[in-house]
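Side chains are part of it too, since the values below use all heavy atoms of this structure and drop only hydrogens, waters and symmetry mates.
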Amino acid sequence: MTELTELTAVRLLDGYRKGEWSPVEATRAALERAEAIQPEVNAFVRLTAEEALEQARESQERWRRGEPRGLLDGVPVTVKDILLQRGTPTLRGSRAVDPAGRWDEDAPSVARLREHGAVFIGKTTTPEFGWKGVTDSPLSGITRNPCDPSRTAGGSSGGSAAAVALGAGPLSLGTDGGGSVRIPASFCGIFALKPTYGRVPLYPASAFGTLAHVGPMTRDAADAALLMDVIGHPDSRDWSALTAPAGPCTDALAGGVRGLRVAYSPSLGGQVAVQPAVARAVRRAVERLADLGAYVTETDPDLTDPVEAFHTLWFSGAARVTQHLGPHQRELLDPGLREICARGARYSALDYLAAVDVRMDLGRRMGRFHDTYDLLVTPTMPLTAFEAGAEVPKGSGHRRWTGWTPFTYPFNMTQQPAASVPVGADADGLPIGLQLVAARHRDDLVLRAAHALYGAGVASAGRPTPAGS
């Protein structure tokens, strides 16, 4: 029988229609996989097996009647433990959050999944309040890389990336404020999209403001487009949500890259030191885009590293999200989070507005850049996954996680759509990601180009093989 945990959501749904397998079979397989990987990888805060199987049985009956509820009826999904899910505590990776809350509301993206019949199998791990680019917390411990458990899965959506990579559901909802779906996607060998800001509504509003995006983490670009067709619609609880899209994201996949103007920036003008294996894999993928008909130019966008402005925005947000905590609760926090909160609390309103000025100028520069180029291609990460349990690679000299993520957070500041596509592995079998960036509101171009790379065999939806197996 087909290994159900190997299948994309698109393929699962096709099998439901044809009667090849059922939502109950797929859900049981995903739950068994989740339970099997949990002791070593630690991708989950909690599994909701009883609820998931009940949802799967209801879905199975709808399929039997030929009346599926929506686009994802019966597909096993996971949700990062930052997003509200009705009936399940959302602890945000923190011992300072009381699990005995009411938990009676879904976040907008979760509500859309429920309306379309998705099966919720569990909540995935996050660092405390999603504050850093790796996934460990005092609440749930360390989440490890599916290819080598001695390495990090990345973050802050590391649990979602590991779950998808190892077959514990083909779809997951992550959040991205500075790279948090793209970093773990690159490290774990899956696809992830940070949509244009506001395309996927967010409620409650993030303390990190308009840096924060909700995005799909999936086996491939086609699954991400399908998931976007479910979650990418306005919700009245998010005042900054965009209007409904002009058409389905899935319709954009077939366009290919022929004639697209692609800017390839291997190191942002020499500002980033990129590991040789990463540079080679990304360059090979870019050459394949040219083979597929894209007009590729090696050039760099007009930007300098905005990390200090990003820190002002990010650390201020962290201070805000923990502002209500008393002294005892603060002692429970991740020590690194306490540090950045203390720094964030010292910024003035003028400091914050100066950072906003940097952000607006960066957005202007990228807007002009995309007058000339449809897509920007960079490595997602300049390195492959490093040791688990560390915020920064040993011996790197970096103080904070932003030191090793220079390709990701600028595009949170500009609110542009950006995706990570798996395009190979290094000599240790650790995945390498390529980043695709487009102008605001051109998520369709990102998905088209990513889908073309999958179609050309450059990107793979196969499950990674753990090192040494």
Side-chain angles (χ1 to χ4, degrees), residues 93 126-137 152-158 174-187 192 194 206-213 265 267-269 271-275 278 301 303-321 334-347 351-352 354-356 358-359 362 366 378-387 389-416 418 420 433 435 437:
T126 175
E128 201 159 18
F129 301 111
W131 80 270
K132 60 183 175 180
V134 293
T135 301
D136 59 68
S137 74
T152 181
S156 62
S157 306
T175 63
D176 190 316
S180 289
V181 300
R182 290 160 290 154
I183 295 166
S186 182
F187 280 179
K194 178 188 76 67
S206 172
F208 298 108
T210 57
L211 295 173
H213 303 59
S265 178
S267 61
L268 295 180
Q271 296 182 73
V272 183
V274 178
Q275 287 180 351
V278 173
L303 59 85
T304 53
D305 188 358
V307 67
E308 291 307 322
F310 180 80
H311 282 169
T312 300
L313 300 170
W314 192 252
F315 297 172
S316 297
R320 176 61 178 162
V321 81
D334 181 328
L337 176 59
R338 281 203 304 270
E339 284 184 30
I340 71 162
C341 289
R343 183 171 166 186
R346 293 193 294 270
Y347 291 126
D351 294 329
Y352 193 91
V356 171
V358 171
R359 182 181 190 181
L362 185 64
M366 289 308 303
T378 73
T380 306
M381 301 298 302
L383 73 173
T384 52
F386 52 89
E387 61 271 21
E391 184 185 342
V392 300
K394 186 182 299 182
S396 67
H398 299 307
R399 174 66 179 145
R400 296 265 77 104
W401 62 272
T402 44
W404 49 268
T405 61
F407 291 113
T408 58
Y409 57 78
F411 304 110
N412 291 81
M413 297 179 77
T414 61
Q415 303 187 339
Q416 295 171 247
S420 183
Q435 182 173 232
V437 184

Trainee: T380: which residues meet the side chain to side chain donor-acceptor pair (under 3.5 Å) condition with it, sequence neighbours left out?
Mentor: S420
Trainee: Answer whether the closest heavy-atom distance between the side chains of T135 and P184 falls below 4.5 Å.
Mentor: no
Trainee: Closer than 3.5 angstrom, by distance alone: can the side chain of W404 be matched with the main-chain N or O of E391 as a donor-acceptor pair?
Mentor: yes
Trainee: Looking only at non-hydrogen atoms, find the nearest pair between G158 and A153 and report the distance.
Mentor: O-CB, 3.9 Å
Trainee: Check M381 against I183 and note the closest heavy-atom contact, atom names and distance.
Mentor: SD-CG1, 3.7 Å
Trainee: Looking at every heavy atom in both D305 and Q271, which two are closest together, and how far apart are they?
Mentor: N-OE1, 3.3 Å
Trainee: Is R343 salt-bridged to E308, going by a charged N under 4.0 Å from an acidic O?
Mentor: yes
Trainee: So does G178 get a backbone contact from the side chain of T408, meaning a donor-acceptor N/O pair under 3.5 Å?
Mentor: yes
Trainee: Test M413 against L313 for side-chain contact (heavy atoms from CB on, under 4.5 Å), laying out the working first.
Mentor: CA-CA 9 Å; M413 297 179 77; L313 300 170; 4.2 Å; yes
Trainee: F407: which residues meet the side-chain contact (heavy atoms from CB on, under 4.5 Å) condition with it, sequence neighbours left out?
Mentor: L268, V272, V274, T378, P379, P382, Q435
Trainee: Over all heavy atoms of both residues, which pair between G174 and S157 is shortest? Give the atoms and the distance, please.
Mentor: CA-OG, 3.7 Å
Trainee: Counting C-beta onward and ignoring hydrogens, is there a side-chain heavy-atom pair between R359 and Q415 closer than 4.5 Å?
Mentor: yes
Trainee: Is the backbone N or O of G177 less than 3.5 Å from a side-chain atom of N412, with the two atoms forming a donor-acceptor pair by type?
Mentor: yes
Trainee: Can you say whether the rings of Y409 and W401 are parallel (under 30°), tilted (30 to 60°) or perpendicular (over 60°)?
Mentor: perpendicular
Trainee: Given 3.5 Å as the limit, does a donor-acceptor pair link the side chain of T175 with the main chain of H213, or not?
Mentor: no
Trainee: Any chance you could measure T405, atom OG1, to F310, atom CZ, to the nearest 0.5 Å?
Mentor: 7.0 Å
Trainee: Measuring only between side-chain heavy atoms, which start at C-beta, is D334 closer than 4.5 Å to K132?
Mentor: yes
Trainee: Whether the side chain of Q416 engages the backbone of F411 through a donor-acceptor N/O pair (distance < 3.5 Å, no angle test) should be reported.
Mentor: no
Trainee: Report the distance from atom CE of M366 to atom CG of L303, rounding to the nearest 0.5 Å.
Mentor: 6.5 Å
Trainee: Within a radius of less than 6.0 Å around CZ of R338, do more than 12 heavy atoms belonging to other residues, nucleotides or ligands occur?
Mentor: yes
Trainee: Restricting to non-hydrogen atoms, name the atom on A318 and the atom on C341 that form the minimum distance, rounded to 0.1 Å.
Mentor: O-SG, 3.3 Å
Trainee: Without swapping roles, check the side chain of W314 against the backbone of W131 for a donor-acceptor pair under 3.5 Å.
Mentor: yes
Trainee: Check whether any side-chain N or O of E128 sits under 3.5 Å from a backbone N or O of L337 as a donor-acceptor pair, and report yes or no.
Mentor: no
Trainee: Show, in sequence, the C-alpha distance, side-chain angles and deciding distance for T384 and V278, and conclude whether the side-chain contact (heavy atoms from CB on, under 4.5 Å) test is met.
Mentor: CA-CA 8 Å; T384 52; V278 173; 4.2 Å; yes
Trainee: Hey, does T152 have a side-chain heavy atom less than 4.5 Å from the side chain of E387?
Mentor: no
Trainee: Measure across P127 and V134 and return the closest heavy-atom pair with its distance rounded to 0.1 Å.
Mentor: CG-O, 3.2 Å
Trainee: Counting N and O atoms only, with roles assigned by atom type, does the side chain of S316 sit under 3.5 Å from a partner on the main chain of T312, one being a donor and the other an acceptor?
Mentor: yes
